[in-house]
**Q** 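Can you keep this structure in mind? I'll have questions shortly.
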Amino acid sequence: MPSRLTRAALAAAVAVVLLSGSGTTLAGWGDAERRDVAVVVAGELSVTAQGTTTVVLRPGAAAPLPADTPLVPGDVVRLTSTVRVTARGDLLTGTLALDLGGVHGTPVATVATDLPPTGTHRWAVTPDDDGALVTAVVELAVPTTTDGRPAAADRSNWWGSDLQHVTLDPGALRWTITQDPS
Amino acid sequence: MTLTARLVTGLVVAAVTLLGLVVLRPAGTTLAAWSDEVTVAVPTLRTGGVQLAVTPAGGAATVAMTGEAAGTWRPSTVQVAAQGQALTGADLAGSRVEYRLADGTLAYRAALDGGAASFPVSGDRRLAGTHTLFLTVVPSDRVLVAHGGPPSR
């Protein structure tokens with residue numbers, strides 16, 4: 001009479017053999033149906049620059065001046081940037097945002113668009129807005145005085161020879177479009 | 001190891017495995033989303049400037065304004081000195097300091113008042129480009145006696 005341990009081991013071995021896949025089947029019937037693989041098309045959510053212009057607005061000038069005009073205190077640099085929104089996809093929602101953090105100085109921006117605003121310089125985007133154009137006008141002023149206040153009679157806040165013949169890097173503005181989490 | 005210990009060990013291993021499966025299973029949602037961006041650089045800008053160059057010649061001085069920016073100029077203050085010492089309004093009492101243009105027109109006049117050694121120049125005319133100014137100093141008798149000649153500067 002084998003021991004309990006031997007019988008248990010034998011039973012386990014039999015179970016493993018019986019329950020393991022044998023690589024063959026006893027089923028004789030079979031059927032199969034071929035289906036063409038469906039074509040899956042992804043949507044799109046993107047923003048594309050359409051045009052950018054830069055001009056100089058000078059008090060007293062009848063028309064805007066070219067961007068390469070040497071600046072003087074009191075001038076305003078106006079940047080106009082237009083982008084096109086692409087939003088294709090069922091139930092796709094996103095947010096278009098204008099980031100002025102990379103623009104140096106104190107930019108003042110106004111944006112013309114039919115997109116519904118969702119916050120400061122943020123707009124909602126749906127597939128209905130596919131192809132929409134958004135135009136931002138960003139203005140940067142060259143301060144008239146060193147402290148931005150009216151010119152003092154004692155000339156304490158006048159630029160003097162400062163800010164003459166210097167190169168200014170105004171930076172860059174950034175458009176972003178991001179899919180909203182579902 | 002007893003059978004009970006084996007059973008407990010097996011249960012513990014199974015529980016740990018099940019917990020790992022629960023924790024590490026896909027959640028069904030993802031934070032990844034489509035996004036795109038466009039950066040629009042503002043072109044580099046350059047400021048202009050103005051310079052005034054003064055070329056004295058005897059009792060006259062030619063003042064030239066150059067630079068990319070349009071503008072006008074005029075004298076704003078004047079100092080009067082004798083033997084290297086600046087004179088105050090009290091020192092110059094009764095004297096006159098004037099600026100005349102090349103055609104003799106009186107364009108500016110200094111107010112020689114107070115104890116300061118720098119005097120404001122009045123006159124509404126604003127000049128552009130290059131002009132020659134004639135500085136006229138008419139000392140009082142007291143100044144002539146005190147300094148022995150016409151102050152200059």
Side-chain angles (χ1 to χ4, degrees), chain A residues 42-52 54 56 58 60 67-73 75 77 79 81-87 89 92 94-95 97 99 102-104 107 136 138 140 142 155 159 161-182, chain B residues 1-7 9-10 26-54 63-79 111 113-114 116-124 126 128-129:
Chain A
E44 182 179 358
L45 186 67
S46 63
V47 59
T48 310
Q50 293 297 296
T52 305
T54 305
V56 175
R58 178 163 299 172
D68 59 357
T69 303
L71 298 176
V72 300
D75 282 349
V77 179
L79 174 75
S81 169
T82 300
V83 295
R84 179 185 296 276
V85 171
T86 301
L92 177 65
T95 299
D99 180 9
V103 181
H104 306 153
V138 181
L140 278 169
V142 181
R155 305 187 179 203
W159 283 109
S161 59
D162 293 340
L163 205 65
Q164 293 197 33
H165 301 120
V166 298
T167 300
L168 304 177
D169 177 14
L173 58 88
R174 192 165 67 109
W175 294 95
T176 62
I177 191 167
T178 307
Q179 180 186 358
D180 295 337
S182 55
Chain B
M1 180 179 285
T2 65
L3 185 61
T4 304
R6 291 179 183 174
L7 186 60
T9 304
T29 60
T30 176
L31 295 179
W34 283 341
S35 66
D36 192 16
E37 70 174 58
V38 168
T39 300
V40 180
V42 184
T44 300
L45 305 167
R46 184 164 175 76
T47 63
V50 292
Q51 300 87 35
L52 275 179
V54 181
V63 181
M65 195 189 86
T66 59
E68 299 87 350
T72 59
W73 58 270
R74 68 174 182 84
S76 59
T77 60
V78 66
Q79 291 179 309
D113 299 325
S118 180
F119 312 104
V121 176
S122 60
D124 295 332
R126 305 193 69 88

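In what follows, chains carry the letters A, B, and so on, assigned in the order in which the sequence lines appear, proteins first and then strands, with residues in each chain numbered from 1.
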**Q** Can you name the closest pair of heavy atoms from B:V42 and A:L79 and give their distance?
**A**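 The answer is CG2-CD2, 3.5 Å.
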
**Q** At a heavy-atom separation under 4.5 Å, does A:T48 approach chain B through its side chain, its backbone, both, or neither?
**A**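 A:T48 touches chain B through backbone heavy atoms alone.
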
**Q** Could you check A:I177, A:T178, A:L92 and say which one makes a side chain to side chain contact (heavy atoms under 4.5 Å, CB included) with B:W34?
**A**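 Passing option: A:L92.
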
**Q** Of all heavy-atom pairs between B:V40 and A:S81, which one has the smallest distance, and what is that distance?
**A**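 The pair with the smallest heavy-atom distance is CG2-OG, 3.6 Å.
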
**Q** Starting at CG of B:L45, measure out to OG1 of A:T54 and round the result to the nearest 0.5 Å.
**A**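 One gets 7.5 Å once the value is rounded to the nearest 0.5 Å.
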
**Q** In terms of heavy-atom proximity below 4.5 Å to chain B, should A:S46 be classed as side chain, backbone, both, or neither?
**A**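 It is both, since atoms from each part get that close.
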
**Q** Measure distances from A:T95 to the heavy atoms of chain B and classify the residue's part below 4.5 Å as side chain, backbone, both or neither.
**A**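 Neither part, no heavy atoms under 4.5 Å.
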
**Q** I need the residue from A:L45, A:L173, A:T176, A:T167 with the largest number of non-hydrogen atom pairs under 4.5 Å to chain B.
**A**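 Result: the option with the highest number of such pairs is A:L173.
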
**Q** Can you see which heavy atom on A:A172 is nearest to which on B:A41, and at what distance?
**A**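 Shortest heavy-atom separation between A:A172 and B:A41 comes out as CB-CA, 3.6 Å.
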
**Q** Please check if atom CG in A:D162 has more than 12 non-hydrogen atoms from other residues, nucleotides or ligands closer than 6.0 Å.
**A**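 More than 12 heavy atoms, drawn from other residues, nucleotides or ligands, come within 6.0 Å of this atom.
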
**Q** Identify which part of A:V142 has an atom lying under 4.5 Å from any heavy atom of chain B, answering side chain, backbone, both or neither.
**A**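 Neither part.
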
**Q** Can you tell me if B:T47 uses its side chain to pair, donor with acceptor, with the backbone of A:H165 under 3.5 Å?
**A**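 A pair under 3.5 Å: yes.
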
